[in-house]
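A quick write-up on the structure given underneath.
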Amino acid sequence: MSGNDTGILAHKPLTLTKKRLRWLVLLSSFPLFGMMAAFGIAPDTSTGAHPIENVIRSLELPEIQPFEDYDMTFWRQERIQAGDTIASLLSRLGVNNQDVVGFLQDTRGSRGVNQLIAGKVVHAQTTAAGELRLLRYFSGGSEQLVMEKVEGAFRVSEQPVRFETHIQMKSGVIDSSLFAATDGAGVPEGVATQMVDILSSDIDFHRDLRKGDRFTVVYDSLYGNGEPARPGRVLAMEFINQGTPHRAIYFQSEDGTGGYYAPDGKNMRKAFLRTPLEFSRISSGFSSGRFHPILKTWRAHKGIDYAAPTGTRVKAAANGTVSFAGWKGGYGNVVILQHHGQHSTVYGHLSAFAKGLRAGQRVSQGEVVGYVGATGMATGPHLHYEFLVNGVQRDPTRIAMPSAESVAAKHMPAFYTHTKPLMARLDMLRETSLAFLD
Ligand SMILES: [Zn+2]
């Protein structure tokens, strides 16, 4: 069998036309794996607020456009490295010296060309002889710089980036922390944060998470010129918390309002957040024996203590009005919010208030009202949170909270049409991840 294969291979070149032989020669003489070094060496050196994302992907071969033999062109891409000059970049892209010189002359006045940012990617279309046809430079905004050779001279223009959406699906299981699990699954930080926000009315991520909890998430990522350009939006997710599955699906109705809904069309957002404390990479990793977030003996304590580092953001649990923001005995710095109806909430031991916060001010759910501290009768930084009904402290975890508006009955057919394929993906991922993780 193998002898037969060898025979075929050995004879194959003999059947090639002259044209195809040239193809073979060109392909083998071209540095096909030039990208490997570019990906391995150059880190993303952007210093912006966006988290650095490591993208691991398989090696790509240059796209070959098999037109006429003589017109054959290659696409190559190189990551800009610190200290790169345009000339050094062009020569790494395989551009011949003549065109490097021409390019430098023709684009001398272009600001964009002279402001190359390390870590960004340049795509070049060249002929086999190293003649530069087209250069595309994508610096992260919604515009790309295009340098095209027209009648022997290079012209620079700004063009809109061609974005494409890639739908990603990831699954994970909680072992030590939520962020360790999302990191492990390759879920971007921005998506992990959305997952927490989406379920913030149903799950108290500070207290309810357990080892063995599982998630699956479907989200989109925008790519521009092959580079991740913007953090994606969660389209659907499932979180199995202590054995109970929570599913949420993004749906935008005809009138343009979008939100997250349960599979039956109920809004995932409730009148009150399950916890008024920001859940972040930092606060989630915080623990201390004394202030482990637990509901203390209800009769004695009448509140929930959340351990968190000083400065962690404290959010309004619901829309309301500030009825008090100041110092109050053992509470230290405290904010009291009055909500619609008979509810009020109390946030104690704050290190600081939100800038300009004062009595009478209206606040929205999730808005920052202050920062965790240890003022008043507190021996360590934590948030003391109280939930009151008609002035009496109640356990918020035992009170059914009203939801925000569900999908309108007239939009339910559209909702089911939209959610069906996403639910199918979640089902598929649940099967796959259970089989894989067990
Ligand atoms: Zn307390």
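Ligands are counted one by one from 1 in listed order, and the atoms in each one are counted from 1 as well. Quick caveat: nothing in here was measured; it's all calculated off a predicted structure. Position 1 is the first residue of the sequence; numbering continues from there.
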Problem set entry | Donor-acceptor side-chain pairing of Q159 and Q144 below 3.5 angstrom | no
For this session: Verify the distance criterion only: is there a donor paired with an acceptor across the side chains of D213 and N241 at less than 3.5 Å?
Result: yes
Seminar exercise, completed: Checking distances from the Zn ion (ligand 1), one finds that the N, O or S atom of H384 closest to it is ND1
Exercise. If you look at D305, which of its N/O/S atoms is nearest to the Zn ion (ligand 1)?
Worked result: OD1
For this session: Could you pull out the closest heavy-atom pair between V121 and H123, with the gap in Å?
Result: CG1-NE2, 3.5 Å
Exercise. Backbone or side chain, does H349 get an N/O/S atom under 2.8 Å to the Zn ion (ligand 1)?
Worked result: no
Exercise. Quick one: which of T275, I304, L277, D305 gives a side-chain contact (heavy atoms from CB on, under 4.5 Å) with L383?
Worked result: L277
